[in-house]
Amino acid sequence: MSVPTPSQRKGLTRRQFLGVSWAGALAVLAGQSVVALLNFLRPVTAGGFGGLVFAGKVEEFAINSVNRVLQGRFYIVRTEDGLLALWQKCTHLGCAVPWVEEEGQFHCPCHGSRFNRVGEVIGGPAPRPLDTFPVTVRSGEVWVDTGKPTQRSRFDPSQITGA
Amino acid sequence: MIAQKPTTPARSGESFARSSSKTYTLVEIVRGAPPQMIDHGPEDTVFAFPVVALVELLLALGVTVVLLLMSLTMNAPLEEIANPNQTTDPAKAPWYFMGLQELLEHGHPTLMAVIIPTILVLFVLAIPYIDNEREGAGRWFTSARGKRITALTALYTLIVMPAFILVDNFFPPRELLRGIVPDLVAQGLIPAAVLAVIVLLPLFVLRRYRPTNREVMLVLFTLLFVSAIVFTVTGFLFRGPGFKLYLPWKMPGGYNPFLNL
Amino acid sequence: MRAKSLFDVITHSRVWRSFFRHGWPDNPLDRSLVMTTNIFFHLHPVKVSRRSLRWQYSLGLGLLAVILFLELTVTGVLLMFYYVPTVERAYTYIITLQTAVPFGQLLRNMHRWGAHLMVLVVVLHMARVFYTGAYKPPREFNWVVGVVLLVLTLGASFTGYLLPWDQLAFWAITVGTSVAGYAPVAGPTIKTFLLGGPEVGQESLTRFYALHIMVIPAAILLLTSLHIWRVRKDGGLAANEVKEP
């Protein structure tokens, strides 16, 4: 009985099978390494801030005022209805947006985006209103959870926390 | 030098002993100029050593001198320590990204910062695969016609792109149409359509002259290259506090972009 | 037999001959051997055409880019002796470097201006290659390598921009990385991976430092070698494509 030559056989030869197996195993190994690398590079820290920040007492914020809380990187806006915490980060390219009292608006120096008192875009290239943080009022103290910025497409009175 | 093995037996006094197992042998090393190759035209070449080595040395010395002079006359900028609560006014990216930042001023970020740059990079990568004729390499602009096409395209871009920036700056559809049409139209479709027309117009004109692939590439790359220069210069030199347009010598607050390089 | 000069004795010694496998390059054979037996020269061809040597053709921009990269490597390594990538100390170390270290300010200036020049030169090199049609077959792949090198050069400069940790650095990087964040699907992920967090901070400084001093320069070195080697394999500068009497 003669051994068939590779060309006579159907399907894979042993040599081809081993080659494909090796190549496959190496590809899987490379894939695993890439996944491991990506997991390794994934940031583990939440950043410099991100916890509950004490903004102040409710009575410190006058009605219709905009107050900056530096350590939390946000603004406390007091309207007639209550409090709103706006992240100072411009939704366009991440600059810190200053409140300009004379203009009565937030005016970003980077690209001239302008936001009104409650963070809605009234001019410039910003694609959405300023992000908000959840506000809780406990026995007259205003606490802001800076770990949970919320994106929104428009201002809605439900975003305001009563005070 | 390699020569066919001669049929005559080896004579004494030859420089190199011949091996009987080889059909070729080193006969002798000739001092002097090498012979010219056949069918290659006059060979206009020189030995790379020492010419190229000297050119490299001189360039290295020149670069070092220029760098030293620059470094002795100008100090690298250093502002106050970083403060995440206080944005500088204006806040600008490094100069080579100012073209992109200027572009961002004229439309929705997804269009200006993602779609357009992606198209540009893919176009640049694809150039040699679109224009894949070997002819025309090794000469500036390939031909006199290519030179003319490049010059005209550059002139066209130098007029149209600043005009686009100025018109968009003083009559921005974003602000004029705010609340009238959706943002997607005012910041996305309108600038995209305008830019598409600007890019396609010269191609449309060129089509009448039956251009080669190379000439189409010349138009497109020149559009891209000169636009990049226009946008970079505008963003770097003409944008002042609030990222508003100013003449460079009339910047409010004495802002000097060169101090922030 | 006349006495050998000291020069001859040295250049014929076994030690010298073990370093250099060629004689004094004043003849065609040794001029060829210089190029083929020396690692620093072996990226060059033995012979080059006069046409490709004309400065009006290439403007020497590719060479300038390599030279600037080498100078940036030297000045950069020296700066590393006086720099710590921490938010608390990076800025004060730059101040110390500029005010107390002899030639510190000069070295920082050279690194800064050299980086700007390198970006400029690489962009101009690309324009030169395009306008002379040097991307045409068989050089397509080398054009692609060149585009990657341009991106790496921008990356090297951009990551270095953050390191002084001053206002200029902080806001330029904030704006620059926010642009990347707009890319669909992968954008926010890329931004977070680059910055190591939601905003520019210590993690960003650490990551940018590693990219700036190791990852990107190593990639540039590797790809530049490939780029130059490929220039030779594809027949030297495209100027050689033109056959003129």
Side-chain angles (χ1 to χ4, degrees), chain B residues 29 31 34 41-42 44-52 56 59-60 63-64 67-68 70-71 74-84 87-88 91-94 96-97 100-101 104 109-110 113-114 124-125 127-129 131-134 136-142 214 221 225 260-261, chain C residues 25 27-29 31 34-35 44-51 60 63-64 67-68 71 91 94 105-106 108-110 112-114 116 119 127 130-137 140 143-144 147 154 157-158 161 164-172 175-176 179 182-184 238-239 241-243:
Chain B
I29 293 167
R31 302 267 158 183
D44 196 16
T45 59
V46 288
F47 275 100
F49 193 93
V51 182
V52 175
E56 284 166 7
L59 275 179
V63 168
T64 313
L67 259 189
L68 264 175
M70 284 176 80
S71 305
M74 295 181 289
N75 277 345
L78 189 70
E79 295 188 348
E80 312 89 77
I81 190 164
N83 177 2
T87 302
T88 52
K92 289 188 181 181
Y96 40 83
F97 286 148
L100 201 57
Q101 204 180 333
L104 268 167
T110 308
V114 181
V124 168
L125 285 173
I127 287 176
Y129 300 96
D131 173 22
N132 55 5
E133 300 142 32
R134 203 167 170 160
R139 233 188 266 274
W140 277 87
F141 311 109
T142 298
R214 167 71 170 154
F221 187 85
F225 189 56
N260 289 342
L261 258 175
Chain C
N27 59 76
L29 176 64
R31 281 182 175 175
V34 158
M35 292 307 187
H44 300 81
V46 167
K47 302 192 82 178
V48 289
S49 78
R50 284 183 202 278
R51 208 185 131 73
L63 267 179
L64 286 178
I67 291 166
L68 281 166
E71 300 214 356
Y91 184 75
I94 299 283
Q105 174 85 63
L106 183 77
R108 176 162 182 251
N109 292 352
M110 285 181 74
R112 184 82 168 200
W113 304 136
H116 286 326
V119 173
F130 174 81
Y131 283 117
T132 53
Y135 58 82
K136 284 164 166 280
E140 310 103 302
W143 169 265
V144 175
V147 174
L154 293 179
S157 178
F158 186 65
Y161 217 81
W165 201 251
D166 60 342
Q167 280 287 71
L168 195 59
F170 186 90
W171 292 107
V175 170
V179 171
Y182 276 108
E241 299 288 318
V242 178
K243 301 279 177 264

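Here is the naming used below: chain letters follow the sequence lines, and residue numbers restart at 1 for every chain. Everything numeric here is computed off the predicted structure, so don't read it as measured data.
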Heavy-atom pair of closest approach, residues B:Pro77 and C:Trp113: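 B:Pro77 and C:Trp113 have their closest heavy atoms at CD-CH2, 4.2 Å.
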Among [options], who wins on heavy-atom pairs under 4.5 Å with chain C?
{"options": "B:Val63, B:Asn83, B:Val52", "result": "B:Asn83"}
{"options": "B:Glu56, B:Lys92, B:Gln101", "result": "B:Glu56"}
{"options": "B:Val46, B:Val114, B:Thr110, B:Leu125", "result": "B:Val46"}
{"options": "B:Leu67, B:Leu78, B:Val124", "result": "B:Leu78"}
{"options": "B:Leu59, B:Asn75, B:Thr142", "result": "B:Asn75"}

What option among [options] has the most heavy-atom pairs under 4.5 Å with chain B?
{"options": "C:Gln167, C:Glu241, C:Arg50", "answer": "C:Gln167"}
{"options": "C:Val119, C:Val46, C:Leu168", "answer": "C:Leu168"}
{"options": "C:Pro137, C:Ser49, C:Ala239, C:Ser157", "answer": "C:Pro137"}
{"options": "C:Leu68, C:Leu63, C:Leu64", "answer": "C:Leu63"}

At what distance, to the nearest 0.5 angstrom, does [atom1] of [X] lie from [atom2] of [Y]?
{"X": "B:Arg139", "Y": "C:Thr132", "atom1": "CZ", "atom2": "OG1", "answer": "12.0 Å"}
{"X": "C:Trp143", "Y": "B:Tyr129", "atom1": "CH2", "atom2": "OH", "answer": "11.5 Å"}
{"X": "B:Ile127", "Y": "B:Phe221", "atom1": "CD1", "atom2": "CZ", "answer": "5.5 Å"}

Heavy-atom proximity to chain C below 4.5 Å, by part of B:Phe141: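 For B:Phe141, backbone and side chain are both near chain C.
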Is it the backbone or the side chain of [X] that comes under 4.5 Å from a heavy atom of chain B, or both, or neither?
{"X": "C:His44", "result": "side chain"}
{"X": "C:Ala127", "result": "both"}
{"X": "C:Met35", "result": "side chain"}
{"X": "C:Val147", "result": "side chain"}
{"X": "C:Val48", "result": "both"}
{"X": "C:Tyr91", "result": "side chain"}
{"X": "C:Phe130", "result": "both"}

Could you check if a side-chain atom of [X] sits within less than 4.5 angstrom of a side-chain atom of [Y], using non-hydrogen atoms only?
{"X": "C:Ile94", "Y": "C:Trp165", "answer": "no"}
{"X": "B:Asp44", "Y": "C:Arg51", "answer": "no"}
{"X": "B:Ser71", "Y": "C:Gln105", "answer": "no"}
{"X": "B:Leu68", "Y": "C:Leu106", "answer": "yes"}
{"X": "B:Met74", "Y": "C:Asn109", "answer": "no"}

Residues B:Arg214 and B:Glu133 bridged, charged N to O under 4.0 Å: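 A salt bridge is absent here (no side-chain N lies under 4.0 Å from a carboxylate O).
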C:Tyr135 side chain to B:Asp131 backbone, donor-acceptor under 3.5 Å: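 Answer holds: no.
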